[in-house]
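One structure below.
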Amino acid sequence: MPIMAERKPVVIAGAGPTGLMCALALRQQGIPVVLLEAEETLTHDLRAGSFHPPTLEMMAPYGITEKMHETGIKVRHWQIRNRPGDLVAEFDLNLLADVTLYPYRLHLEQHRLTPIQLDLLRQEGGAEIHFGHAVTGYTQSDDGVTVTTSGPSGDRRFEGSWLIGADGGRSVVRKGLAIDFEGFTWPELFVVVSTPYDFGQHGFAFNCYIADPVEWGALFKVPDAGPPGLWRLAYPVNPEESDEVLLSPERVEAALQNLMPKQGAYDILYKSTYRVHQRVASSFRVGRVLLAGDAAHLNNPLGGFGLNSGIHDAINLCDKLSAHWHGDGGEDLLDLYSRQRRFATIEQVQSMSIRNKRMMEERDPAIQRQHLEEMVAVASDPEKARAHVLNTSMILGLQRANEMI
Ligand SMILES: Cc1cc2nc3c(=O)[nH]c(=O)nc-3n(C[C@H](O)[C@H](O)[C@H](O)COP(=O)(O)OP(=O)(O)OC[C@H]3O[C@@H](n4cnc5c(N)ncnc54)[C@H](O)[C@@H]3O)c2cc1C
């Protein structure tokens, strides 16, 4: 008897947080999964670290949220500051206590989330997981996909019913589709540095945005291997200079002294540069190929939306794919996935992250003052403050996207 298309596994490219979330969500629905990861192990680079209430809610039924709380830091307040670090406005996420079980942001490094997801996936059983298998190409027909990989164990082929491209910003899966990745790349580079120095002693909340026309910054605390944790600062730099110069001890020291002057040098544990894009794929579905996470959209880190959106994609997509798999809906459910998630990405994530960055870096002092005065007015009016945290915690955008049919 020929294998029915719907009984061939779903192939997932990429074992980042999005791909792992898809694999776990599908396995819990009894759907066979093949997970292909280019690297030999989970990646460990310095990336996301801030989770919004809806993301914690979505991951809770899988046991992920509970595990994250074992080491994550609850962040009830976030702040906007100016140079030289004066407080402008503070927002209290406890204003959301009537709409979510998690009225805070949870800070935990992305590389501490992915091992939790992988462990739970292994405990669930039934997923074929292949590290060291980089997806190199694929073909699709009406009833399935054939995916090719290369790696230390040689070239291989995998047959599947669907292919989910969760293979990050440089997605091979997305590049294999005749679709645009619309948007732009910011001209500057970002530097991220981490230090154990305790900014909390100066009144900094565990999540702060610092407005400045020359060197705006985003500062937040992550747990690291345990208390006292690390403070991570991101700031813009000139892309024409080399990494060697930008990450030299003198430059990094100057950036931290600019944020908080102090006696003696800062202890720096990690530092890196990265380029930032604002882009959205023109569709998240082409036939039997679906895109999720950074493969589908990229944004700047101001607001902490990137990884959160990847998890939102994974949950939305796998709910619909499972419904279709089990006969509760046609393939048009997957077009709805694309519409809802593109809407949330464009209307909320892209617009808020671009607005946040422009507000932080505004060069005209009069406009900057006006922006910051608006934030003071919002923060001091309980109704406006609640509306603001509903929006910036991604709750409103998700509600609006999920209302789409
Ligand atoms: C410095 C920095 C700070 C950030 N801060 C935040 C934040 O505070 N909050 C937030 O929400 N987001 C943040 N982000 C964004 C966040 O890290 C990403 O949105 C997130 O990593 C997306 O997850 P993903 O699984 O979609 O993609 P990735 O994490 O990129 O995972 C993709 C996986 O696919 C694998 N892969 C790649 N190519 C192939 C292939 N051909 N075949 C098989 N596997 C492949 C990769 O090895 C990787 O494991 C930040 C990003 C950076 C760079």
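Counting starts at 1 for both ligands and their atoms, in listed order. Side chains included, hydrogens not; waters and symmetry mates left out as well; all remaining heavy atoms used.
- Here atom 8 (O) of ligand 1 lies nearest to G49 when heavy atoms of G49, A218, P301 are compared.
- Closest heavy-atom approach to atom 4 (C) of ligand 1 within the set G14, A48, G151, A314: this belongs to A48.
- The shortest N or O to N or O distance between A134 and ligand 1 is not below 3.5 Å.
- Ligand 1 has an N or O atom lying under 3.5 Å from an N or O atom of G304, backbone or side chain.
- Between T18 and ligand 1, at least one N/O pair is under 3.5 Å apart.
- Proximity to G168 (heavy-atom distance under 4.0 Å) selects the following atoms of ligand 1: 27 (O), 30 (O), 32 (C).
- The part of A166 lying near ligand 1 is the backbone, judged by heavy-atom distances below 4.0 Å.
- Polar contact check, G306 against ligand 1: a nitrogen or oxygen pair lies under 3.5 Å apart.
- For atom 3 (C) of ligand 1, the choice among E109, E40, Q117, R47 with the nearest heavy atom turns out to be R47.
- When the options H388, E383, E373 are evaluated for a side chain to side chain contact (heavy atoms under 4.5 Å, CB included) with V378, the one that passes is H388.
- Under 4.0 angstrom from ligand 1, the non-hydrogen atoms of H133 all belong to its backbone.
- Polar contact check, G19 against ligand 1: no nitrogen or oxygen pair lies under 3.5 Å apart.
- Checked against a 3.5 angstrom limit, the closest N/O atoms of A38 and ligand 1 fall inside it.
- Within the 4.5 Å cutoff, the side chain of Y197 has heavy atoms near those of the H202 side chain.
- Any N or O atom pair closer than 3.5 Å counts here, and N308 shares at least one such pair with ligand 1.
- Contacts between L36 and ligand 1 below 4.0 angstrom, taking non-hydrogen atoms only, involve the backbone exclusively.
- Aromatic rings from H107 and F220 are positioned such that their centres are separated by under 6.0 Å.
- The pair R112-D224 counts as a salt bridge, with a side-chain nitrogen and a carboxylate oxygen less than 4.0 angstrom apart.
- Distances between N or O atoms of V135 and those of ligand 1 include at least one value under 3.5 Å.
- The backbone of F305, and not its side chain, has at least one atom closer than 4.0 Å to an atom of ligand 1 (non-hydrogen atoms only; backbone = N, CA, C, O).
- Residue-ligand proximity, G293 to ligand 1, at heavy-atom distances under 4.0 Å covers atoms 26 (O).
- Side-chain atoms of V173 and L290, non-hydrogen and from C-beta on, never get closer than 4.5 Å to each other.
- Remark: H312 pairs with no residue by the ring-ring contact (aromatic ring centres under 6.0 Å, His included) rule, at least two apart or across chains.
- Looking at ligand 1, you won't find any N or O of E39 less than 3.5 Å from one of its N or O atoms.
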Acceptor/donor pairs from residues 177-192 side chains to any protein atom, 3.5 angstrom cut, sequence neighbours excluded:
{"from": "T185", "atom 1": "OG1", "to": "H277", "atom 2": "ND1", "distance (Å)": "2.9"}
{"from": "T185", "atom 1": "OG1", "to": "R279", "atom 2": "NH2", "distance (Å)": "3.1"}
{"from": "W186", "atom 1": "NE1", "to": "Q278", "atom 2": "OE1", "distance (Å)": "3.1"}
{"from": "E188", "atom 1": "OE2", "to": "K357", "atom 2": "NZ", "distance (Å)": "2.5"}

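- Of the polar atoms of Y274, none of the N or O atoms is found under 3.5 Å from an N or O of ligand 1, judged by distance alone.
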